[in-house]
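Residues: numbered from 1 along the sequence shown. Keep in mind that the numbers below use all heavy atoms, side chains included, and drop hydrogens, waters and symmetry copies.
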Amino acid sequence: MYSLQNTLYVMTPNAYAHLENNTVRIDVEREKRLQVPLHHVGSLVCFGNVMVSPALMHRLADEGKSLVLLETSGRFKARLEGPISGNILLRQAQHRSAGDRGFALELARAIIAGKLKNSRALLVRAARETPDSTEQAALTRTADNLAASLRAAAVATDLDALRGVEGEAARGYFGSLNSVVKPQARAHFALNGRTRRPPLDRFNALLSFLYSMLMNDCRSALETVGLDPQLGFLHAVRPGRAALALDLQEEFRSILADRLALTLINRSQLGPGDFDQREGGVVMLNDRGRRTVITAWQERKQEEITHPLLGMKLPIGVVPFVQARLMARTVRGEMTGYLPYLPK
């Protein structure tokens, strides 16, 4: 259970949230684990099998506070709100901001900067750890190229130019990931360029699955704060596309998905038997592989980090929710610019 910026997150399975006088009390197995004054709670977010008393739901609705229900995986299920809500104002601000080319460019620039810095950090660390001097030189060269992309992104004059910088940087980054895979695993996990629809090798299949779960988490985070996940700033709006969720996940791709994929491969937690090859050369995780990845994903999200802006420890799986709140504050004009998550 964590309380962040007036949002109370309940992640403990079988927890019971209920009203006691003017406080929210959280019990687990009939024992009190947390009790906070209701006026300190702006919204209540429950992951998985968390029970909420009808009295607490009514009181939250009466006071215009939202109750958000997520699956254990973080996937958004529902948000209950009373008649008083500031979300329409936030969404109005979001639509105005998306139509402001200057604002959209600066927010997209911050998103790309976060992605490039975190991707570069992964390669710098890999270069430091590899014993092969040739690979070390190649990884360092790609990391330097990402630094150059950062400088180019800082002076891009429009969204198309910014997307071009990001696309070129991504090609170099993905081209280097094979050097981060341990030599003994390379025969089975060669990344032959980034292929998505459909993935054509095991590495791509693993990345696509992880990116899908990450996107769902980011979408849930945006839904939680009341932002419209369909209306993005970097990614263009298309029917059925959660463009803002795709925006938000950019800064988390390397630190959450890519690192986990490399860990699963390099520790031999996944092997060729965890994938199926289908007609047309399509490669997908099979049931056993998916179970392994989902278990590792949930464990990864429980790892604690110190958020550099908040200065407090929290599970890394909660960071997208913090960043969604920072994005909402940026859209409202309460922050001068969006600050992506950059681990220390």
**Student:** Is it the case that the side chain of Asn118 and the backbone of Arg253 share a donor-acceptor pair, with hydrogens and angles ignored and the cut-off at 3.5 Å?
**Tutor:**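 It does not hold such a pair.
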**Student:** Does Ser208 offer a backbone N or O that forms a donor-acceptor pair with the side chain of Ser212 under 3.5 Å?
**Tutor:**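 Pair absent, no side-chain N/O of Ser212 close to backbone of Ser208.
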**Student:** Do Val283 and Leu200 come close enough that some side-chain heavy atom pair is under 4.5 Å?
**Tutor:**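 When only atoms from C-beta onward are counted, Leu200 and Val283 do not touch, as no gap falls below 4.5 Å.
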**Student:** Under 4.5 Å between side-chain heavy atoms, hopping through other hydrophobics if needed: is there a path connecting Val165 to Leu246?
**Tutor:**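 Per the 4.5 Å side-chain linkage, Val165 and Leu246 are not co-clustered.
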**Student:** Of the non-hydrogen atoms in Lys301 and Pro315, which two are nearest, and what is the gap between them?
**Tutor:**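 Scanning both residues, the minimum pair turns out to be O-CB, 3.3 Å.
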**Student:** Less than 4.5 Å apart, side chain to side chain, heavy atoms only: is that true for Val319 and Leu256?
**Tutor:**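 Contact flag for Val319/Leu256 side chains = no.
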**Student:** Would you mind reporting whether Met327 and Leu244 have side-chain heavy atoms less than 4.5 Å apart?
**Tutor:**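 Yes. Closest side-chain heavy atoms under 4.5 Å.
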**Student:** Using 0.5 Å steps for rounding, measure from the CZ atom of Arg259 to the OG1 atom of Thr263.
**Tutor:**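 Here the rounded value is 9.0 Å.
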**Student:** Would you check if Tyr173 and Leu122 make a side-chain contact, meaning some heavy-atom pair closer than 4.5 Å?
**Tutor:**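 Tyr173 vs Leu122: side chains touch.
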**Student:** Do Val181 and Leu177 have side chains that get closer than 4.5 Å, going by heavy atoms?
**Tutor:**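 No, their side chains stay 4.5 Å or more apart.
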**Student:** Drop me the distance from Asn178's CG to Phe189's CZ, to the nearest 0.5 angstrom.
**Tutor:**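 CZ of Phe189 is found 12.0 Å from CG of Asn178.
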**Student:** Assess whether side chain to side chain contact (heavy atoms under 4.5 Å, CB included) is satisfied between Glu299 and Thr295, documenting all intermediate values.
**Tutor:** CA-CA 6 Å; Glu299 290 173 352; Thr295 299; 3.7 Å; yes
**Student:** Look at atom NE2 of His58 and say whether more than 12 heavy atoms of other residues, nucleotides or ligands are closer to it than 6.0 Å.
**Tutor:**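 Check fails, neighbour count at 12 or below.
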**Student:** Taking Asn266 for its side chain and Lys182 for its backbone only, find out whether a donor-acceptor pair lies under 3.5 Å.
**Tutor:**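 Indeed, once roles are kept as given, a pair shorter than 3.5 Å links the two residues.
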**Student:** What are the two closest non-hydrogen atoms of Val331 and Ala93, and how far apart are they?
**Tutor:**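 Scanning both residues completely, I find the closest heavy atoms to be CG1-C, 3.6 Å.
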**Student:** Do the side chain of Asp247 and the main chain of Leu234 share a donor and acceptor less than 3.5 angstrom apart?
**Tutor:**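 Confirmed, Asp247 side chain pairs with Leu234 backbone.
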**Student:** To the nearest 0.5 Å, what is the distance between OG on Ser53 and CZ on Arg25?
**Tutor:**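 One gets 12.0 Å once the value is rounded to the nearest 0.5 Å.
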**Student:** To the nearest 0.5 Å, what is the distance between CG on Leu44 and OG1 on Thr224?
**Tutor:**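 One finds 11.0 Å between CG of Leu44 and OG1 of Thr224.
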**Student:** Hey, quick one: are Leu139 and Ile265 part of the same hydrophobic cluster, counting side-chain heavy atoms closer than 4.5 Å, chains of contacts allowed?
**Tutor:**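 Leu139 clusters together with Ile265.
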**Student:** Does Arg290 pair with Asp287 as a salt bridge, N-O distance under 4.0 Å?
**Tutor:**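 Yes, this pair counts.
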**Student:** Rounded to the nearest 0.5 Å, what separation is found between the CZ atom of Arg128 and the CD atom of Gln136?
**Tutor:**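 Between Arg128 CZ and Gln136 CD, I get 10.5 Å after rounding to 0.5 Å.
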**Student:** Any side-chain heavy atom of Glu29 within less than 4.5 Å of one from Asn14?
**Tutor:**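 Glu29 does not reach Asn14 side chain to side chain.
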**Student:** Under 4.0 Å between a side-chain nitrogen and a carboxylate oxygen: does that hold for Glu135 and Arg186?
**Tutor:**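 Salt bridge flag = yes for Arg186 with Glu135.
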**Student:** Check this for me: Glu31, atom CD, are more than 12 non-hydrogen atoms of other residues, nucleotides or ligands nearer than 6.0 Å?
**Tutor:**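 Open: at most 12 neighbouring heavy atoms sit under 6.0 Å from CD of Glu31.
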**Student:** Check for me, please, whether Val52 and Val41 land in the same ILVMFWY cluster - side-chain distances under 4.5 Å, paths through other members count.
**Tutor:**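 Yes, it is one cluster - the side chains of Val52 and Val41 are joined through contacts under 4.5 Å.
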**Student:** With distance as the sole test, does Glu251 use its side chain to make a donor-acceptor pair with the main-chain N or O of Tyr341 at under 3.5 Å?
**Tutor:**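 Yes: the side chain of Glu251 pairs with the backbone of Tyr341.
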**Student:** Run the salt bridge (Lys or Arg N to Asp or Glu O under 4.0 Å) check on Arg278 and Asp276 step by step: do they pass?
**Tutor:** CA-CA 6 Å; Arg278 301 179 183 178; Asp276 292 338; 5.1 Å; no
**Student:** Counting only N and O atoms by type, is there a donor-acceptor contact under 3.5 Å from the side chain of Gln249 to the main-chain atoms of Asn216?
**Tutor:**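 Side chain of Gln249 to backbone of Asn216: no pair is present.
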**Student:** Kindly determine whether Leu150 and Lys117 satisfy side chain to side chain contact (heavy atoms under 4.5 Å, CB included), including the steps that lead there.
**Tutor:** CA-CA 8 Å; Leu150 266 170; Lys117 287 180 180 178; 3.6 Å; yes
**Student:** Please determine whether residues Met284 and Phe209 belong to a single hydrophobic cluster, defined as Ile, Leu, Val, Met, Phe, Trp and Tyr linked transitively by side-chain heavy-atom distances below 4.5 Å.
**Tutor:**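 In one cluster: no.
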**Student:** Ignoring hydrogens and geometry, is there a side-chain-to-backbone donor-acceptor pair from Arg109 to Leu162 under 3.5 Å?
**Tutor:**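 Such a contact is absent between Arg109 side chain and Leu162 backbone.
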**Student:** Would you indicate whether the side-chain heavy atoms of Leu146 and Ser119 approach each other to under 4.5 Å?
**Tutor:**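 Yes; the side chains approach each other to less than 4.5 Å.
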**Student:** Could you verify whether a donor N or O on one side chain and an acceptor N or O on the other, from Asp27 and His18, lie under 3.5 Å apart?
**Tutor:**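 Yes, because at least one side-chain N or O of Asp27 sits under 3.5 Å from a partner of the opposite role on His18.
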**Student:** Just checking Phe203 against Phe174, ring centres under 6.0 Å apart?
**Tutor:**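 Judged by ring-centre distance (under 6.0 Å), Phe203 and Phe174 do not meet the cut-off.
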**Student:** Quick one: does Ser179's side chain get under 4.5 Å of Thr130's, heavy atoms only?
**Tutor:**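 Of all side-chain heavy-atom pairs linking Thr130 with Ser179, none is under 4.5 Å.
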**Student:** Say whether Leu314 and Leu326 are linked into one hydrophobic cluster, either directly or through other cluster members, by side-chain heavy-atom distances under 4.5 angstrom.
**Tutor:**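 Both belong to a single hydrophobic cluster.
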**Student:** For the residue pair Thr140 and Ala127, what are the closest heavy atoms and their distance?
**Tutor:**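 Looking at all heavy atoms of both residues, the shortest contact is OG1-CB, 3.7 Å.
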**Student:** Hydrogens and angles aside, do Tyr338 and Glu106 bring a side-chain donor and acceptor to less than 3.5 Å of each other?
**Tutor:**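 Not at all, the side chains of Tyr338 and Glu106 share no donor-acceptor pair under 3.5 Å.
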**Student:** Can you tell me how far CD1 of Ile111 sits from CG of Leu248, rounded to the nearest 0.5 angstrom?
**Tutor:**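 Atom-to-atom, Leu248:CG and Ile111:CD1 are 7.5 Å apart.
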**Student:** Go through the steps to decide whether Leu60 and Leu38 satisfy the test side chain to side chain contact (heavy atoms under 4.5 Å, CB included), and finish with yes or no.
**Tutor:** CA-CA 9 Å; Leu60 291 171; Leu38 183 61; 4.1 Å; yes
**Student:** Please name the pair of heavy atoms, one in Ala236 and one in Arg241, separated by the smallest distance, quoted to 0.1 Å.
**Tutor:**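 Heavy atoms of Ala236 and Arg241 come nearest at O-NH1, 2.9 Å.
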**Student:** Thinking salt bridges, do Arg59 and Asp62 make one under a 4.0 Å N-O criterion?
**Tutor:**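 Here Arg59 does not pair with Asp62 in a salt bridge, since their nearest N and O are not under 4.0 Å apart.
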**Student:** State, to 0.1 Å, how close Gly232 and Ala98 come at their nearest heavy-atom pair, and which atoms those are.
**Tutor:**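 So the two residues come closest at O-CB, 4.4 Å.
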**Student:** So, the side chain of Arg120 versus the backbone of Ala143: is there a donor-acceptor pair under 3.5 Å, distance only?
**Tutor:**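 Yes, Arg120 side chain to Ala143 backbone: donor-acceptor pair under 3.5 Å.
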**Student:** Is the side chain of Asn21 donor-acceptor paired with the backbone N or O of Thr23 at a distance under 3.5 Å, no angle test?
**Tutor:**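 A pair under 3.5 Å: no.
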**Student:** Take Leu207 and Leu191 through the side chain to side chain contact (heavy atoms under 4.5 Å, CB included) test and state the conclusion after the steps.
**Tutor:** CA-CA 10 Å; Leu207 288 176; Leu191 187 68; 4.2 Å; yes
**Student:** Identify the heavy atoms of Asn286 and Phe275 that sit nearest to each other, and give their distance.
**Tutor:**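 In this case the closest contact between Asn286 and Phe275 is ND2-N, 3.5 Å.
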**Student:** Any salt bridge linking Glu166 with Arg163? Criterion: basic side-chain nitrogen under 4.0 Å from a carboxylate oxygen.
**Tutor:**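 No.
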**Student:** Could you tell me whether Arg267 atom CZ has more than 12 heavy atoms of other residues or ligands within 6.0 Å of it?
**Tutor:**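 Incorrect, the count does not exceed 12.
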